Amino acid sequence: MRLVSLGDLILDVVVGLDGPLVPGDDRVATTRVGAGGQAANVAAWAATLGAEARYVGKRGADAAGELAARELASHGVEIAGPAEGRNGVVVSIAAGGDRSMASDRGSATGFRPDELEPAWFLCDHLHVSGYALLREPVAFAAIRAVELARDAGASISVDLSAWTLIDDTFRERVAACRPSTVFGTEPECNEFGPLETAWVVKRGADGVNVGGVSHPAHAATIVDPTGAGDAFAAGYLVGGVALGLDAAARCCARFGAMP
């Protein structure tokens, strides 16, 4: 399978805590710095699970961008797209099996349609991160990428990404992609509303619901849930529900969002 993902490649800073932060004081933490971003995570897991994977997006030309690109490439992912400006950084704070994120997307939102190469989208499947549909010009680049991939015979999926950012413009852009599959958490799917497509609802520790059928999560020791939904999406696209749940469990059992 040839899978292409489009969206962000960011520097992911994961902070693991054994309790909540203490205002005005210290809390002992375990930290990890490495590559992340929804589209990059999906590509890395897809490559690990046996697919030919390519990531497409705009990354920074700074030290953070070089570090993130080097790690993504180490997973066997081909990287396509321009490098300029400042790379995005996301700080994920994981405590008690939950996580909170502070996101800075850097130059990723400046990706333009004229920077796309049609050859990048000669694939079996294109997966679009919902973050790429939130702002211009990257949203226009994402929709153009969908057109190029569909012309090449690829199927399309979209991940809704964040329920707090869903609005009518976002709904219109997702609909314009005409995805065969939409991934989202329960809050994201509820906020988005109806769409004629195959829904894959990610439910965390409760597993997933695919087309109205529930599947329990695989047993896992929860170390850090960051990226588990991306790991599931990659596994699902490469090999179906069971492979997706296995990848999500593997992701939760370690720090960081990549394999």
Side-chain angles (χ1 to χ4, degrees), residues 2-12 35-44 46 52-73 77-90 101 103-162 164-180 182-183 230 233:
R2 296 170 301 167
L3 184 145
V4 173
S5 64
L6 185 145
D8 292 17
L9 168 59
I10 55 91
L11 187 66
D12 203 9
Q38 190 174 75
N41 293 338
V42 170
E52 295 181 24
R54 176 184 296 127
Y55 160 81
V56 176
K58 177 173 282 188
R59 63 193 186 279
D62 56 2
E66 292 175 4
L67 188 158
R70 185 166 60 248
E71 182 175 340
L72 180 59
V77 176
E78 179 186 345
I79 299 173
E84 65 178 43
R86 181 177 54 82
N87 206 74
V89 177
V90 172
M101 296 193 300
S103 300
D104 172 5
R105 297 184 60 203
S107 62
T109 60
F111 198 18
R112 305 188 311 273
D114 65 295
E115 294 176 303
L116 300 175
E117 296 287 344
W120 295 343
F121 304 99
L122 298 175
C123 60
D124 300 306
H125 188 88
L126 171 64
H127 181 72
V128 178
S129 167
Y131 291 113
L133 296 170
L134 289 170
R135 293 175 60 181
E136 303 169 4
V138 65
F140 300 140
I143 292 171
R144 176 56 181 154
V146 167
E147 294 171 353
L148 292 170
R150 183 168 280 116
D151 287 346
S155 53
I156 311 296
S157 60
V158 173
D159 195 303
L160 298 181
S161 302
T164 55
L165 303 177
I166 293 172
D167 59 14
D168 286 342
T169 299
F170 179 80
R171 293 183 183 94
E172 290 170 2
R173 289 170 177 168
V174 172
C177 292
R178 293 184 288 131
S180 57
V182 171
F183 295 89
D230 303 333

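None of the values given here were measured: they were computed from a predicted structure.
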Review point. What distance separates Asp124 CG from Glu52 CD, expressed to the nearest 0.5 Å?
Key: 8.5 Å

Check your understanding: Hey, are Glu147 and Arg144 close enough for a salt bridge, meaning a charged N less than 4.0 Å from a carboxylate O?
Key -> yes

Review point. Between Val146 and Arg178, is any pair of side-chain heavy atoms under 4.5 Å apart?
Key: no

Exercise for review: Would you mind reporting whether Lys58 and Pro82 have side-chain heavy atoms less than 4.5 Å apart?
Suggested key: yes

Exercise for review: Considering non-hydrogen atoms only, spot the tightest contact between Asp62 and Asn87 and give its length.
Suggested key: OD2-N, 3.1 Å

Revision key, fill the gap. In this structure, CG of Asp167 is separated from CG of Leu134 (nearest 0.5 Å) by 7.5 Å

Check your understanding: Measuring from Leu133:CG to Leu6:CG, what's the distance to the nearest 0.5 Å?
Key -> 8.5 Å

Exercise for review: Check Ala132 against Gly7 and note the closest heavy-atom contact, atom names and distance.
Suggested key: CB-CA, 4.2 Å

Point to revise | salt bridge (charged side-chain N to carboxylate O under 4.0 Å, His left out) involving Asp8 - partner list, sequence neighbours excluded | key: Arg105

Practice item. Apply the test side-chain contact (heavy atoms from CB on, under 4.5 Å) to residues Val56 and Glu117: give CA-CA distance (whole Å), side-chain angles for both, the deciding distance (0.1 Å), then the verdict. Key: CA-CA 10 Å; Val56 176; Glu117 296 287 344; over 6 Å; no

Practice item. Identify the heavy atoms of Gly130 and Phe170 that sit nearest to each other, and give their distance. Key: O-CE1, 3.3 Å

Check your understanding: Between Ala83 and Gly60, which heavy-atom pair has the shortest distance, and what is it?
Key -> CB-O, 4.0 Å

Point to revise | Pi-cation contact, Phe140 with Arg173 (under 6.0 Å, within 45°) | key: yes

**Study point:** side chain to side chain donor-acceptor pair (under 3.5 Å) partners for Asp168, two or more places apart
**Key:** Arg171

**Study point:** Min side-chain heavy-atom separation Phe121-Asp151 under 4.5 Å
**Key:** no

Practice item. Starting at CG of Leu148, measure out to CH2 of Trp120 and round the result to the nearest 0.5 Å. Key: 10.5 Å

Practice item. Indicate yes or no: at least one non-hydrogen side-chain atom of Tyr131 is less than 4.5 angstrom from one of Asp159. Key: no

Check your understanding: Can Ser157 and His127 be said to form a side-chain hydrogen bond (donor to acceptor under 3.5 Å, both in side chains), step by step?
Key -> CA-CA 5 Å; Ser157 60; His127 181 72; 2.7 Å; yes

Exercise for review: Please identify each residue that fulfils side chain to side chain donor-acceptor pair (under 3.5 Å) with Ser129, with sequence neighbours left out.
Suggested key: Gln38

**Study point:** From Arg54 atom CZ to Leu126 atom CG, the distance as rounded to the nearest 0.5 Å
**Key:** 10.5 Å

Exercise for review: Check Tyr55 against Ala43 and note the closest heavy-atom contact, atom names and distance.
Suggested key: CB-CB, 4.3 Å

Check your understanding: What's the spacing between Ser155 OG and His125 NE2 if we round to 0.5 Å?
Key -> 4.5 Å

Review point. Closest heavy-atom contact between Asn41 and Ala35?
Key: OD1-O, 4.4 Å

